[in-house]
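First comes the structure, then the notes that go with it.
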Amino acid sequence: MRSHRCGDLRVDDVGKEVMLCGWVDRRREHGEHLAFIDLRDRSGVIQVVVQGAADLRSEYVLQVTGKVRERPSETVNDSLDTGGIEVEGSEVIVLAESEPPPFPIDDRTDVDEVLRLRHRYVDLRRSRLQNNLQSRALVTSSVRKAMEEQGFMEVETPMLVASTPEGARDFVVPSRKDPGSFYALPQSPQIFKQLCMLGGVDRYYQIARCLRDEDLRADRQYEFMQLDIEASFVNGEDIRNIVSSAVAVATEAVTGEKITTIPSITWQEAMERFGSDKPDVRFGLELVELTDLFKSTEFRAFQAPCVKGIRVPGGAEFSRSRLDELTDKSQNWGAKGLAWIKIENSEMVSPIAKFLSEEEKSSLKAEMSGEEGDLLLLVADEWSTVCHVLGLVRLEIGRPPINEGGFHFLWIIDFPLFEGTDENGNPSSSHHPFTMPHKDDLALLEDGETEGIRSLAYDLVLNGWELGSGSVRIHRQDIQQRIFTALGIEPDEARKRFGFLLDAFKFGAPPHAGFAVGLDRLTAILVGEENIREVIAFPKTQSGSDPLTSAPLPIDDRHLKELGLKVLPPST
RNA sequence: GGUCCUGUGGUGCAGUUUGGAGUGCACGCCGCCCUGUCAAGGCGGAGGUCGCGGGUUCAAAUCCCGUCAGGACCGCCA
């Protein structure tokens, strides 16, 4: 139906007879004698000149036959790639008419997102999404190539799997043949990729769809894509090098930026300095350790296991309402309060100034390198609360837009093996129960310790977003048994929950390790989008609905009955 | 489960603080004019459940309560 794409034509094509197809992007009519039509397809826009009246409207689909000609020099449009030429339309066929679109197909209008999602097929015509989807395709094709070149083999794993009690809430699929039983949709191919290693696949990868029924965020959808990787006879560093080169290839493909080495810091350091296990290192405002300084303070609020602060250069200008807002948020995030101190006219100006001794004030200023005009923000509490809250305060105050400051990849290593406790008071795995403990901490595990044990788990972080995580897996049954014991999982229970996997490990398990990279997030950051919905063709809203198809929807009773299901009335 | 923000012709906004006639701006739409525009231009016109429900008031887009939808975040996400 067409000989060329609109945006591909150049001055070299002058004189050619072409046939183009596309949408009416914009029209400029000059009465019954002359009209200019900007014809748009995926490649771009070209001006079609029509002699005589043209009864065309926005978004009509046209097939245009005509000759490419150079524009008169005074009418060249430098802001268009095709601006030096135009097509003299000799025949214009309307392939489809269009009602006026529900919103403008341009880049200037910031349209309500529900409207965009309801008419996503129209939204997709806009260059923002066209470009984003193109970049997304570039990410997947380039990482595929990178993985293949490193000797990885793509293996597909099932979408209908057994539900496991670990991790996120599962999406479930009722079994028709076995009413009352359910498949789960995979949260990740974790088990299967490890089984691939048992199966001698050696180097596995997959661009895998993962599903988790947890509340959505700007960087979270129910379903998302991962570059999933597992390799045998490698250590964690090998895996990190493999992943580093894959994301570097993707970054260069999309942005042209070369990523050479990706620095590593330990989880401990990330928490101490940035109050986060996914630090955004594009800006300062690092946390300052102040616990010792207030060791014997008279001020009750600072008599806590941990005190840290952030120095905000120039922050003395913060208004009272801004500080109150920060305090409210800090409390919402779990702190008892947020202490603020302004350094004005060489004085420590603060509601709490009177509770601090002169010595405390001067050493605080020195410790935090406080200068005239600065604001000092302090939190005192348990170590984890202090880090968590100040980490969020830091982002609230200083975080730049996602597309500023380049691409700061960072490896976070030496995660703790356990974190928190479950409802029975047993420690929980911070990554998953098959994560290999750090070899230097194996002795602690022997002693029945759980606190302070590091694991061979690692995360990849980009500009403050967790891009993915992975670990060295346990391939020895004795160590696995120790972990289950530490987690309070009895042998019977372990057999029930992970029996098939434990069985598999009896038959010659190679040492292996793996990783998974969130491709929606990677793509979003590479194209400078704050929200992964902008790099997904058909995303869901924050409440998990799809305004286009109205999913989720009830199903009829006959269908329910066939599946052996009954819907309870909404609880009140 | 929680905190905060948003909802006004088809679209994007202003108006809400301090209640007084559906008032305004830009784009789009419809009609007419226009032979070199390119976010074309000129003239004219149509288009409104101010998300929804209730309350206060002589009077509510505006104040109060509730609710729905959307968004950001905390919890949650091995």
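All of these numbers come straight from a predicted model, not from anything done at the bench. Chain naming here is simple, since letters A, B, ... match the order of the sequence lines and numbering starts at 1 in each.
- Of the C1' atoms belonging to B:G19 and B:C68, the separation is 25 Å, rounded to the nearest Å.
- The distance between atom CG of A:L115 and atom C1' of B:G70, rounded to the nearest whole Å, is 12 Å.
- Checked against the 6.0 Å centroid threshold, A:F274 and A:W267 do not count as a close aromatic pair.
- Taking for each of A:K540 and A:P72 the nucleotide of RNA chain B with the nearest heavy atom, the 5'-most of the two is the partner of A:P72.
- Among A:Y204, A:W411, A:Y205, the single residue meeting the ring pair (Phe, Tyr, Trp, His ring centres under 6.0 Å) criterion with A:F515 is A:W411.
- Remark: A:Q542 is in phosphate contact with B:A72, judged by side-chain N or O atoms under 4.0 Å from OP1 or OP2.
- Nucleotides B:U8 and B:A61 place their C1' atoms 7 Å apart, quoted to the nearest Å.
- Nucleotides B:U62 and B:A26 place their P atoms 26 Å apart, quoted to the nearest Å.
- Contact check, A:T541 against B:G70: a side-chain N or O comes under 4.0 Å of OP1 or OP2.
- Nucleic acid contact class of A:S430 (heavy atoms, under 4.0 Å, all strands): sugar-phosphate only.
- The separation between A:D110 atom CG and B:C27 atom P is 18 Å, rounded to whole Å.
- If you measure from atom CG of A:L216 to atom P of B:C73, you get 11 Å, rounded to the nearest angstrom.
- At the heavy-atom level, A:R533 lies under 4.0 Å from the strands shown only through sugar-phosphate atoms.
- The same atom, C1', is picked in B:C73 and in B:G10; the two are 33 Å apart, to the nearest Å.
- The partner of B:G20, taking Watson-Crick or G-U wobble pairs whose two distances both stay under 3.5 Å, is B:C58.
- Across all strands shown, B:U6 pairs with B:A69; the Watson-Crick or G-U wobble distances both stay below 3.5 Å.
- In terms of the salt bridge (charged side-chain N to carboxylate O under 4.0 Å, His left out) criterion, residue partners of A:E29 (sequence neighbours excluded) are, by chain and number, A:R27.
- Pairing for B:G41 is with B:C33, a Watson-Crick or G-U wobble pair whose two hydrogen-bonding atom distances lie under 3.5 Å.
- A:R220 has no carboxylate O lying under 4.0 Å from a charged side-chain N of A:E214, or vice versa, which leaves the two without a salt bridge.
- For A:R57, the side-chain atoms get nearest to B:C30 when compared with the rest of B:A72, B:U11, B:C30.
- With hydrogens and angles ignored, a donor-acceptor pair closer than 3.5 Å exists between the side chain of A:R220 and the base of B:C76.
- The CZ atom of A:R116 sits 17 Å away from the C1' atom of B:A69 (whole-angstrom rounding).
- Taking the charged nitrogens against the carboxylate oxygens, A:E99 and A:R57 have no contact shorter than 4.0 Å, which rules out a salt bridge.
- A salt bridge does not link A:R5 to A:D41: none of the charged nitrogens lies less than 4.0 Å from a carboxylate oxygen.
- Pairing of B:A26, defined by two Watson-Crick or G-U wobble distances under 3.5 Å, is identified with B:U11.
- Within the 4.0 angstrom heavy-atom criterion, no nucleotide atom of any strand lies near A:H119.
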Report summary line: A correct 5'-to-3' footprint of nucleotides 37-48 of chain B, with B, S and - meaning base, sugar-phosphate only and no protein heavy atom under 4.0 Å, is BBBB--------

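- Contacts of A:N531 with the nucleic acid, taken as non-hydrogen atoms under 4.0 Å apart, involve only primed sugar atoms and P, OP1 or OP2.
- For the pair A:Y222 OH and B:C76 C1', the interatomic distance rounds to 12 Å; values are reported in whole Å.
- Within 4.0 Å of A:D112, counting heavy atoms only, lie sugar-phosphate atoms of the nucleic acid but no base atom.
- Under 4.0 Å is where a charged nitrogen must lie from a carboxylate oxygen, and between A:E230 and A:R473 at least one such pair does.
- A:E466 places its CD atom 12 Å from the P atom of B:C77, with the value rounded to the nearest Å.
- Between A:K67 and A:E88, none of the side-chain N atoms (NZ, or NE/NH1/NH2) sits under 4.0 Å from a carboxylate O, so this pair counts as no salt bridge.
- Heavy atoms of other residues, nucleotides or ligands lying less than 6.0 angstrom from OH of A:Y183 number 12 at most.
- Using a 4.0 Å heavy-atom criterion, one finds that A:S428 contacts no nucleic acid atom at all.
- A:D215 has its CG atom 15 Å from the P atom of B:U3, to the nearest Å.
- Mapping A:E113 and A:L392 onto RNA chain B by nearest heavy atom places A:E113 at the nucleotide closer to the 5' end.
- Distances shorter than 4.0 Å separate some side-chain N or O of A:R217 from OP1 or OP2 on B:C74.
- For the C1' atom pair drawn from B:U56 and B:C63, the interatomic distance equals 8 Å after rounding to whole Å.
- Checking the phosphate oxygens (OP1, OP2) of B:G75, no side-chain nitrogen or oxygen of A:N332 falls inside 4.0 Å.
- Atoms CG (A:D277) and C1' (B:C77) sit 12 Å apart, rounded to a whole Å.
- A:T164 comes within contact range of no nucleotide atom at all, as no heavy-atom separation falls under 4.0 Å.
- To the nearest whole angstrom, the two C1' atoms, one in B:C74 and one in B:G55, are 33 Å apart.
- Here A:Q190 lies in heavy-atom contact (under 4.0 Å) with a base.
- In the set B:G36, B:G31, B:C77, B:G36 carries the atom at the smallest distance from any side-chain atom of A:R69.
- The P atoms of B:G75 and B:C58 are separated by 49 Å, rounded to the nearest whole Å.
- Salt-bridge formation is not detected for the pair A:R128/A:D107: no Lys NZ or Arg NE/NH1/NH2 atom is positioned less than 4.0 Å from an Asp or Glu carboxylate oxygen.
- B:A72 and B:G28 have their C1' atoms separated by 30 Å, given to the nearest Å.
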Return a table of donor-acceptor pairs under 3.5 angstrom between the side chains of residues 489-501 of chain A and protein atoms on other chains or two or more places apart.
| residue | atom | partner | partner atom | Å |
| --- | --- | --- | --- | --- |
| A:E493 | OE2 | A:R497 | NH1 | 3.1 |
| A:R497 | NH2 | A:E166 | OE2 | 2.2 |

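- For B:G70, one of the phosphate oxygens OP1 or OP2 lies less than 4.0 angstrom from a side-chain nitrogen or oxygen of A:S545.
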